[in-house]
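See structure below.
Keep in mind the model is a prediction, meaning the values are calculated, not measured. Convention: sequence-line order gives letters A, B, ...; per-chain numbering from 1.
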4 protein chains.
Amino acid sequence: MTQDTGTQDPGTQDTGGRPRRGRRRDPDAHAAVLRATRELVAELGYHRVTMERIAARAGVARMTLYRWWPNKAAVVTEAVADRLAPGPLPDTGSTRTDAIAHLDGLVRTLTLLGDPSVVAGALAERGEAGRTDLRDLLAARLRPLRDLLDRGAERGELPPGLPVAALVDSWVGFVLYRIVFTEQVPAEDEVTALVDALPFSEPDD
Amino acid sequence: MTQDTGTQDPGTQDTGGRPRRGRRRDPDAHAAVLRATRELVAELGYHRVTMERIAARAGVARMTLYRWWPNKAAVVTEAVADRLAPGPLPDTGSTRTDAIAHLDGLVRTLTLLGDPSVVAGALAERGEAGRTDLRDLLAARLRPLRDLLDRGAERGELPPGLPVAALVDSWVGFVLYRIVFTEQVPAEDEVTALVDALPFSEPDD
Amino acid sequence: MTQDTGTQDPGTQDTGGRPRRGRRRDPDAHAAVLRATRELVAELGYHRVTMERIAARAGVARMTLYRWWPNKAAVVTEAVADRLAPGPLPDTGSTRTDAIAHLDGLVRTLTLLGDPSVVAGALAERGEAGRTDLRDLLAARLRPLRDLLDRGAERGELPPGLPVAALVDSWVGFVLYRIVFTEQVPAEDEVTALVDALPFSEPDD
Amino acid sequence: MTQDTGTQDPGTQDTGGRPRRGRRRDPDAHAAVLRATRELVAELGYHRVTMERIAARAGVARMTLYRWWPNKAAVVTEAVADRLAPGPLPDTGSTRTDAIAHLDGLVRTLTLLGDPSVVAGALAERGEAGRTDLRDLLAARLRPLRDLLDRGAERGELPPGLPVAALVDSWVGFVLYRIVFTEQVPAEDEVTALVDALPFSEPDD
DNA sequence: AATTAACCGAGACGGTACGTCACGTCTTTAA
DNA sequence: TTAAAGACGTGACGTACCGTCTCGGTTAATT
């Protein structure tokens, strides 16, 4: 399912039952654009991806891009959105195990983007909108992790009084800092060790 | 002390004892540029700062900028460098207290930049060099924090086997994620709580 | 009719019968540029005319200039082209009279440019292309004069064996040397006298 | 002998009998500059010759150039001046023969410059001064030719009433037009034929 | 021998214009 | 009603030379 990232998307908008006249939006084109964007971003990095190049690669007129997305950041953000979408949540019963799995997933996701500049690029974009979209995307991605920790705390797997929100953000921050800033993908055992710095107790049941 | 950020800076470079001929680089101009850059970045945000504007504000020819810095990212990075430089390290004896102080300092530093896009902007800039500079800058900033934790572990204030490097990065990641991504400056007690998630013991002495 | 001066001009280029899609080149803008260029060249002289000024005066974006002309020399050359185009040829029957009229026309044309540096400027411009264009333009302008003399020689108004090509070039050279080099516009009777240095005989008829 | 081309030349300037103190202008440097300029102009054409390049080739500081010449046009003009200086005048007694020889010399001179853009370049230069210098140089070169023709007319080798000034200018114009504009060096017999278009009579004596 | 004026090298600086790139908007024709 | 094609305005970029202005060091005539 496609994330709603603020795109004005007539393909899904309600036309009130009234039959739509004229040529319909080409769904292939839409997909082609997103695929082309992903490829280009991975190949060239954010700043070298231009609307021109996306259009060319997707076999689409540049104007068409602007019809469906307000600017480059939006295209890239949506192109990347699927990858950032939560995905199937691990649920093994053990909070610790689930958290590690979740973070490993995040690492894999961000690595898949191929180029660390994507996040920075979208973030640096002129205009508030781009930033907000990406922010929301990441927030959505993180919510399950936070819920997981909250539940774990409730079930007594974690000592009471832990700053759950801050901890989750520190984990994500760790992954982002390593991948986006230092461009060094964290090893799996580092993630494990980081989580294990918290005094988890296995569930009784 | 000024960080070396890769800038070809004849003002500080070693001329091998050979007497320097020719007109000297105007130190006022240099300083004015950095000051102007800091101001503008805080006022307008990264993407609205242009070489043109920097030059105008600093009362300097645009060419002069390109003479000393390869591009905008370099100027901004150097302008921000001092602020990111370690500064006087807190040393109260308590690892926990020092760590908190250190992180608070980082928060204050990044907040001072005025615009979250600065970091992202410099990071997203074309060219490897810019990224590397900023990376090194942050790394330098973090080293003392890491040393602090190492010493703490040695002195037994922290249980053995903690992944110190990852923990430090998770703290920094936390601050960066909050300030740069979500644009919500973390409160002091959140930082405290985050640090306190580790089982510190006060030093015996 | 407008001279082809090597400009890639989609307005006149053959599209092979294939229907042209997309927005059309604004003909007003095109004309405005050429007019502005002529004015500016006359007012300021070649070297003070900049793309910036042309664009401003023509009410056009600077980019548009570069879209249609490779550089300043090309714009100026095309702007001047009409003026240099042959125009209505005098044909009074007398070779001598026609030649004088033709040369007077050339004098007037070059004078109209307003600034002697125009020719020199376009000529001195970087790039082979500019030179060639101007060269062709002048050559086109001269051809009728040469044909005139050829016909005159055939009809016996001139003694046989005269180096017609060289003579024509010497006349043009005279005008150019005076206007462009010495910046002294030749008087009409000087032109007349120059032509009369040749032993013309009036046609019998 | 070196032409005075408006250069403020302390090496030759009158100091009012007062003995000059201090270090003298380095004559080698002066010569090296002119030689370098000639070479570069021939190699690169006028517009690619920069003060920077001249200085480098001559092994001289750029500043030194500006000390002795006001701008590029002046340097080039002086560098070229010797070549344009009259040289040994042919005097065979026959006006026709001398004129042809003189023009052939001019052709050789201008060809030697190596690049047609030199003349155009100096002419197109900003500032009146450059133009005037070159103009004077050419005028000096032409005077003997004009005198020659004047004498010829006096001696009856040419019919009376010929516009001598215009004719000379047309000859020079011919050479310039061919070399500078069309970049086709005129053949010797063309020059001969052009001169022979005038009804010369050999001197009686 | 010391002084001093003029010269020279190296190089930094303000400035003007250039030509390029990408963005986002608008217009025309075809499907 | 879309889409493809493409022209346009806008803003910034980085480059190239220009001509000016210091500096320290060198050379030679004057004292």
side-chain contact (heavy atoms from CB on, under 4.5 Å) between D:Val33 and D:Trp68: does it pass, once the steps are laid out?
CA-CA 10 Å; D:Val33 166; D:Trp68 302 118; over 6 Å; no
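Summarising the geometry, atom CG belonging to B:Leu65 is positioned 10.0 Å from atom NE2 belonging to B:His30; distances are rounded to the nearest 0.5 Å. The distance from atom CG of A:Leu40 to atom OH of A:Tyr46, rounded to the nearest 0.5 Å, is 13.0 Å. Of the inter-residue distances, the one linking C:Asn71 atom CG with C:Tyr66 atom OH reads 8.0 Å to the nearest 0.5 angstrom. For the atom pair B:Lys72 NZ and B:Thr37 OG1, the distance stands at 10.5 Å (nearest 0.5 Å).
Residue B:Thr50 places none of its side-chain N or O atoms closer than 4.0 Å to OP1 or OP2 of F:dA12. Of the side-chain N and O atoms in A:Trp68, one or more sit less than 4.0 angstrom from OP1 or OP2 of F:dA3. Using a 4.0 Å cut-off, some side-chain N or O of A:Thr64 falls inside it from OP1 or OP2 of F:dA4. Phosphate proximity of E:dA22 to A:Arg62: absent, as no side-chain N or O sits under 4.0 Å from OP1 or OP2. At the phosphate of F:dT22, neither OP1 nor OP2 sits under 4.0 Å from any side-chain N or O atom of B:Arg25.
Mapped onto DNA chain E by nearest heavy atom, B:Ala29 and D:Val60 fall at different nucleotides, with D:Val60 at the one closer to the 5' end. Of the residues near DNA chain F, C:Asp26 and D:Lys72, the one whose nearest nucleotide (by heavy atom distance) lies more toward the 5' end is C:Asp26.
Using a 4.0 Å heavy-atom distance criterion, A:Met51 is classed as a sugar-phosphate-only contact. If you check every strand for non-hydrogen atoms under 4.0 Å, D:Arg53 touches sugar and phosphate atoms only.
With rounding to whole Å, C:Arg24 atom CZ is found 15 Å from F:dA5 atom P. Residue A:Ile54 contributes atom CD1, which lies 12 Å from atom C1' of E:dC23 at whole-angstrom precision. The distance between atom CG of C:Leu65 and atom P of E:dT20, rounded to the nearest whole Å, is 13 Å. Computed from coordinates, the C:Met63 CE to F:dA12 C1' distance equals 13 Å when rounded to whole Å. Spacing between atom OH of C:Tyr66 and atom P of F:dG11 amounts to 17 Å, rounded to whole angstrom units. Following rounding to the nearest Å, B:Trp69 (CH2) and F:dC13 (P) show an atom-to-atom distance of 15 Å. Taking atom CD on D:Glu52 and atom C1' on F:dT15, their separation rounds to 14 Å, with Å as the unit. If you measure from atom CG of C:Leu44 to atom C1' of E:dT16, you get 15 Å, rounded to the nearest angstrom.
Counting distance only, with no hydrogens placed and no angle test, the side-chain atoms of C:Arg67 and the base atoms of F:dG6 include no donor-acceptor pair under 3.5 Å. Counting distance only, with no hydrogens placed and no angle test, the side-chain atoms of C:Arg23 and the base atoms of E:dC26 include a donor-acceptor pair under 3.5 Å.
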Would you give me the side-chain donor-acceptor pairs under 3.5 Å for residues 50-63 of chain B, sequence neighbours excluded?
from	atom 1	to	atom 2	distance (Å)
B:Thr50	OG1	B:Glu52	N	3.4
B:Thr50	OG1	B:Arg53	N	3.0
B:Arg53	NE	B:Arg48	O	2.9
B:Arg53	NH2	B:Arg48	O	3.3
B:Arg57	NH1	B:Glu39	OE1	2.6
B:Arg57	NH1	B:Glu43	OE2	3.2
B:Arg57	NH2	B:Glu43	OE1	3.1

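For DNA chain E, if you chain together Watson-Crick or G-U pairs that step i with j, i+1 with j-1 and so on, the runs of at least three with distances under 3.5 Å are E:1-31 with F:1-31.
Among the nucleotides F:dA5, E:dG14, F:dG19, the one closest to the side chain of C:Arg21 is F:dA5. Taking the side chain of A:Asn71 as heavy atoms from C-beta on, and the options F:dG19, E:dG24, E:dG14, the nearest nucleotide is E:dG24.
Considering all non-hydrogen atoms of both residues, A:Leu134 and A:Val119 come closest at CD2-O, 3.9 Å.
Annotation: side chain to side chain contact (heavy atoms under 4.5 Å, CB included) contacts of B:Asp26 (sequence neighbours excluded): B:Asp28, B:Ala29.
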